[in-house]
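The figures that follow rest on heavy atoms only: side chains count, while hydrogens, waters and symmetry mates do not.
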Amino acid sequence: SMKLLWGLVVILTLFFVVNSAPPTCYSRVLHLNKEIMESMEKLQKYQRTKHCVEVLPKMYLDIHNSCVMAKLRDVMYILENLPIPQCREKPRIIGLKRKIRSLYTIINKVCYRDLVFFTDDCDALETGESTPRHGEEQLQLLIER
């Protein structure tokens, strides 16, 4: 009975350790990606910020697209140099810039080796419609068999 109790304690300890583990690079990138897309959506809707973000290109972030770094760089540059000076000072714009810079840094420096790019379709980051690379399609077929 003591062995059983010990076993239970070990299992519960493992369970809590696993569930309280820090987020992986990948989960952090996914979360930030989602936050950025939500922020962009809100900025486009709010009366106070709508005119500020009109200059931004359409953006459908996909962290599996090899063009994502260039896209993040472009958007960051535009946000830093918004034509209306008051826009650059708005807390929501500053927050978006911070999130984009953070995502860029994490992908570029922290989890560089953890990310796999499934596509190099740069247009997809503006249209939201992605076409996978031919090799990836083949891989998918092999996996499905």
Side-chain angles (χ1 to χ4, degrees), residues 6-145:
W6 251 131
L8 190 60
V9 167
V10 168
I11 288 170
L12 284 173
T13 305
L14 281 173
F15 176 77
F16 286 113
V17 167
V18 168
N19 281 341
S20 63
T24 62
C25 238
Y26 186 64
S27 68
R28 182 73 189 116
V29 166
L30 281 177
H31 183 74
L32 252 178
N33 187 59
K34 186 173 178 264
E35 275 185 28
I36 290 168
M37 292 307 292
E38 286 169 358
S39 290
M40 295 276 290
E41 212 174 290
K42 286 176 184 166
L43 287 168
Q44 288 162 349
K45 283 181 183 166
Y46 289 137
Q47 233 22 68
R48 288 186 181 152
T49 53
K50 202 190 245 181
H51 65 285
C52 293
V53 292
E54 283 173 347
V55 292
L56 290 179
K58 277 206 182 316
M59 186 168 74
Y60 297 92
L61 282 185
D62 174 8
I63 57 167
H64 296 294
N65 187 325
S66 61
C67 303
V68 75
M69 296 303 282
K71 187 65 162 183
L72 289 170
R73 255 194 323 268
D74 291 351
V75 172
M76 240 182 329
Y77 179 81
I78 295 168
L79 285 170
E80 306 254 324
N81 299 285
L82 286 171
I84 306 165
Q86 302 90 293
C87 287
R88 288 179 232 150
E89 307 305 313
K90 294 198 180 289
R92 289 180 192 275
I93 302 274
I94 292 169
L96 178 64
K97 273 195 288 193
R98 194 175 298 127
K99 285 175 190 169
I100 290 175
R101 194 174 298 115
S102 184
L103 180 61
Y104 183 85
T105 305
I106 291 172
I107 292 175
N108 201 27
K109 294 191 169 85
V110 186
C111 7
Y112 188 69
R113 289 180 175 62
D114 293 355
L115 281 180
V116 178
F117 296 122
F118 295 132
T119 180
D120 50 9
D121 178 5
C122 297
D123 292 339
L125 295 177
E126 288 197 18
T127 63
E129 318 241 330
S130 181
T131 36
R133 279 192 205 143
H134 185 67
E136 291 299 328
E137 288 171 359
Q138 294 303 316
L139 182 66
Q140 196 58 44
L141 285 174
L142 288 172
I143 292 169
E144 286 170 2
R145 284 187 190 154

Handout entry: Flag side-chain contact, heavy atom, 4.5 Å: L72 against L61
Key = yes
Problem - E54 with K50: basic N within carboxylate O range, under 4.0 Å - result: no
Problem - D62/V68 under side chain to side chain contact (heavy atoms under 4.5 Å, CB included): CA gap, chis, key distance, verdict - result: CA-CA 7 Å; D62 174 8; V68 75; 5.9 Å; no
Exercise for the section: Output the distance between atom OG1 (T49) and atom NE2 (H51), rounded to the nearest 0.5 Å. Expected result: 8.0 Å
Practice task
Please name all residues satisfying side chain to side chain contact (heavy atoms under 4.5 Å, CB included) with P57, sequence neighbours left out, ordered by chain then number.
Solution key: K71, V75, I78, E126
Completion exercise
Between the CG atom in L43 and the CG atom in L56, the distance rounded to the nearest 0.5 Å is 8.5 Å
Handout entry: Validation row: M40, V53 side chains within 4.5 angstrom (heavy atoms)
Key = no
Side-chain atoms of residues 86-100: list all donor-acceptor pairs with protein atoms under 3.5 Å, sequence neighbours left out, distances to 0.1 Å.
residue : atom : partner : partner atom : Å
R88     : NE   : L82     : O            : 2.7
R88     : NH2  : L82     : O            : 2.7
K99     : NZ   : S39     : OG           : 3.1

Practice task
Taking all non-hydrogen atoms of both residues into account, name the closest pair between R73 and Y104 and its distance.
Solution key: NH1-OH, 3.0 Å
Problem - CG on N108 to CE on M69, rounded to 0.5 Å - result: 4.0 Å
